[in-house]
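Heads up, the thing below is written out as structure tokens.
Computation of the quantities below employed the complete heavy-atom set of this structure, encompassing side-chain atoms and omitting hydrogens, waters and symmetry-equivalent molecules.
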Amino acid sequence: METRPSHPPRTELGTEELEAGMRPSRARDVVTISLIAVTMLALFNSAALVSWTQQLPSTATNAWLTERAGAWHTLMQRLGTAQLFARVKERLDPETSRW
């Protein structure tokens, strides 16, 4: 009696699989991941957003953006996300960490 493996051996994805309909992930997935990352940074690293807008060239639009970033950072401080990020960053920083 001959026994067969329960599943075929794993092979790397190649041209034949791509031609058979297996495709790499869609560009839409990259957009979704990028939006999630930007949202997380805006929520938890609002101080960096303020710093970035302050480094922009002096224009009326950039002044408006700086004001909005400052207001956003103030809101994030009230909600506590800015302090949470600062505490986590301090704990993970090898120069200031007490681990």
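For Thr59, the side-chain hydrogen bond (donor to acceptor under 3.5 Å, both in side chains) criterion is met by Asn62, not counting sequence neighbours. Applying the side-chain contact (heavy atoms from CB on, under 4.5 Å) criterion to Trp52, with sequence neighbours excluded, gives Leu49, Leu56. Take Leu35 and apply the side-chain contact (heavy atoms from CB on, under 4.5 Å) test, not counting sequence neighbours, and it matches Val31. Under the rule for a side-chain contact (heavy atoms from CB on, under 4.5 Å), the partners of Gln54 that lie at least two apart in sequence or sit in another chain are Val50, Thr66.
Hydrophobic clustering (side-chain heavy atoms under 4.5 Å, transitive across Ile, Leu, Val, Met, Phe, Trp, Tyr) keeps Phe44 apart from Leu41.
Evaluation of the side-chain hydrogen bond (donor to acceptor under 3.5 Å, both in side chains) test over residues 37-47, restricted to residues two or more places apart or in two chains, returns Ser46-His73.
Remark: of the listed residues Val38, Thr32, Ile33, Thr32 is the sole one forming a side-chain contact (heavy atoms from CB on, under 4.5 Å) with Ile36.
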Donor-acceptor pairs under 3.5 Å, side chain of residues 78-86 to any protein atom, not counting sequence neighbours: which ones?
{"from": "Thr81", "atom 1": "OG1", "to": "Leu43", "atom 2": "O", "distance (Å)": "2.6"}
{"from": "Gln83", "atom 1": "NE2", "to": "Gln77", "atom 2": "O", "distance (Å)": "3.1"}

